[in-house]
Amino acid sequence: MKKLLLLFVCSFMLHATAQSTLTASQWQDDLKFLQETVHKDYPFLFKKTTAEEFDAAVAQLNKDIPNLQDHEIVVGLSKIIALFKYGHTDISFSHEPFAFRYLPFNLYQFNDGVYIQGTHKDHKEALGAKVIAVEGVPINKALEAIYPVVNAENSQYFKAFGINYLKFPEVLHATGMTSELKETVTLTLLKDGTTFTHQFTALPKGERPPIRYSLMQTEGDWLEARDQSQTPHYLKHLDKRYYFEFLEDSKTVYVRQSSVFHDPSEDITSFYNRVFDFIDNNDVERLVIDVRLNGGGNNFNNKDVITGIIQSEKINQIGKFFVILGRRTFSACQNLVNEMDNYTNAIFIGEPTAENINFYGDNHTLALPNSGIPIYLSWAWWQDKPQWLDGPWLAPHVAVDMSYEDYSTNTDPVLKTALEFNADNFVVDPMQYMTELYQKGEAEKLMIETKRMVADPRYKFFDFETELNKTGYNILRRGNAKEAIAVFDFVTQIFPDSANAWDSLAEGYLKAGDKDKAKAYYNKALQMDPDGPTGRNATEMLRVIAEGH
């Protein structure tokens with residue numbers, strides 16, 4: 001009987017091993033299945049990458065598979081999925097038996113560097129340290145190495161969700177930061193003026209740190225770097241999806257909404273009914289809605305938020321309604337802030353969102369036939385704005401971010417900016433303001449004001465050069481080369497070190513028929529960017545001029 005039982009156990013173990021070990025051919029079949037499914041059912045995803053680029057990446061991985069370990073193949077699949085650059089189009093690293101292990105820390109990128117925001121108590125000495133290098137690779141190079149693995153919709157998505165791919169030993173090895181798959185990884189850290197190395201050993205499979213809203217939580221043996229003696233407003237009551245309080249000193253109603261799903265204790269409609277009832281019946285001068293932690297939910301729940309703001313004449317005014325954005329503002333919350341931008345007088349403060357303005361969301365799960373690894377492929381196109389108003393993110397009117405010291409001491413410069421905002425010394429729409437000055441003929445004031453705004457860090461995410469350049473090309477397309485030249489010349493005065501600005505001015509003169517000036521400015525652009533795309537364009541245009549086309 002014992003022999004029979006032993007034979008049964010051995011047979012079971014061999015069967016389990018066979019199930020968890022795939023041949024190169026099986027992995028290649030999975031890859032082929034993914035490729036064929038994308039082409040057949042998801043060809044619309046080829047917006048930021050081409051079918052040719054996708055197929056080339058598939059062909060390369062297919063060739064490499066016989067020489068790769070399982071985790072390297074999974075990372076290779078992730079790189080292929082990441083080509084689409086949509087946050088909802090992703091791959092799971094948690095599927096057994098190919099699940100990745102976690103290193104016991106959480107990273108957060110502040111405006112002064114990447115820090116250990118949280119870790120296990122066994123690594124307390126590393127808590128709050130600035131990360132200098134990972135396995136000897138400088139942190140900036142380490143982030144560059146993992147970027148192609150992340151389904152990063154934009155750089156904000158990477159900051160919020162991608163940076164912690166550095167906590168997977170499998171990713172570190174597959175991207176070449178370690179020469180072999182290691183369970184213990186060394187970080188070079190800086191803390192209290194001292195640089196030192198610290199080793200982190202991966203957690204057992206299936207265990208992970210308690211991370212919520214991209215931040216380590218203080219649970220059990222887990223620690224986070226923030227002073228726990230008080231809690232800033234945006235981190236209060238995280239057991240609820242939303243809450244509000246009245247900040248009496250500034251006569252402000254502050255709302256922290258961290259989900260577009262209903263809270264079990266109160267639905268979104270009822271919650272905002274209470275918010276607007278409070279505003280109507282109390283001495284309230286402004287409303288701040290903080291969605292910097294909001295990763296989405298059901299965008300059909302947004303309607304009552306928007307209609308409530310529109311109906312509140314007391315609040316829906318420039319300088320009285322503020323929305324705090326952040327790197328986790330994503331998915332259905334992107335729809336929410338788009339609608340706020342479209343239909344209300346919101347002033348946005350903070351960081352850009354993690355989602356494109358118009359985007360693919362709502363994914364279907366595709367299980368690879370042999371490995372069973374889930375691939376999440378987006379299928380629903382959400383377009384809240386016209387195509388010409390699309391962009392990589394919704395940018396704040398006022399740019400504000402946070403240092404590590406701000407975070408660790410519970411200082412919130414973003415909310416502070418909203419509470420102290422003075423509409424008299426800030427231009428909400430720089431393009432409209434510059435256009436008005438131009439139309440009034442106030443050339444000197446236009447130059448002074450534009451230079452002032454370009455130098456003001458609050459306008460960090462307004463791309464003055466691109467917007468002004470677009471205006472010049474719009475005028476040029478209407479056949480008014482003289483006026484377009486005036487705009488392009490203005491751009492070169494504001495951005496004299498931009499090869500693109502001089503290239504545009506050259507094009508203006510070429511359209512006006514002045515080939516000598518066009519050649520002079522194309523040559524200037526070429527000298528400034530000899531090996532780049534602007535230089536290549538300038539070279540081609542100089543050839544065209546020389547041949548008399």
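Keep in mind it's a predicted model, so treat the numbers as computed, not measured. In this chain, residues are counted from 1 in sequence order.
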Donor-acceptor contact present, side-chain [X] to main-chain [Y], <3.5 Å:
X: Asn154; Y: Pro392; answer: yes
X: Tyr108; Y: Ile163; answer: no
X: Trp379; Y: Asp362; answer: yes

Judged by modelled atom types alone, do [X] and [Y] share a side-chain donor-acceptor pair under 3.5 Å?
X: Glu224; Y: Tyr407; value: yes
X: Asp384; Y: Asn342; value: no
X: Gln109; Y: Tyr115; value: no
X: Arg328; Y: Asn294; value: no
X: Asn370; Y: Asp30; value: yes
X: Thr411; Y: Asp406; value: no
X: Asn356; Y: Lys47; value: no
X: His88; Y: Ser331; value: yes

ask   = Hey, which of Phe321, Phe348, Phe462 is the one that makes ring pair (Phe, Tyr, Trp, His ring centres under 6.0 Å) with His397?
value = Phe348

query = If you draw a 6.0 Å radius around CG in Asp249, do more than 12 non-hydrogen atoms from other residues or ligands fall strictly inside?
reply = no

Please output the side-chain donor-acceptor pairs of residues 75-85 that fall under 3.5 Å, not counting sequence neighbours, one pair per line with the distance.
residue : atom : partner : partner atom : Å
Ser78   : OG   : Val149  : O            : 2.7

ask   = If you take all heavy atoms of Tyr234 and Leu293, which pair is closest and at what distance?
value = O-CD1, 3.5 Å

query = Strictly under 6.0 Å, is that where the ring centroids of Trp27 and Phe98 end up?
reply = yes

List the atom pairs, with distances to 0.1 Å, where a side-chain N or O of residues 136-144 and a protein N or O form a donor-acceptor pair under 3.5 Å, not counting sequence neighbours.
none

task = Could you tell me which residues satisfy salt bridge (Lys or Arg N to Asp or Glu O under 4.0 Å) with Glu135, sequence neighbours excluded, listed by chain and number?
result = Lys182

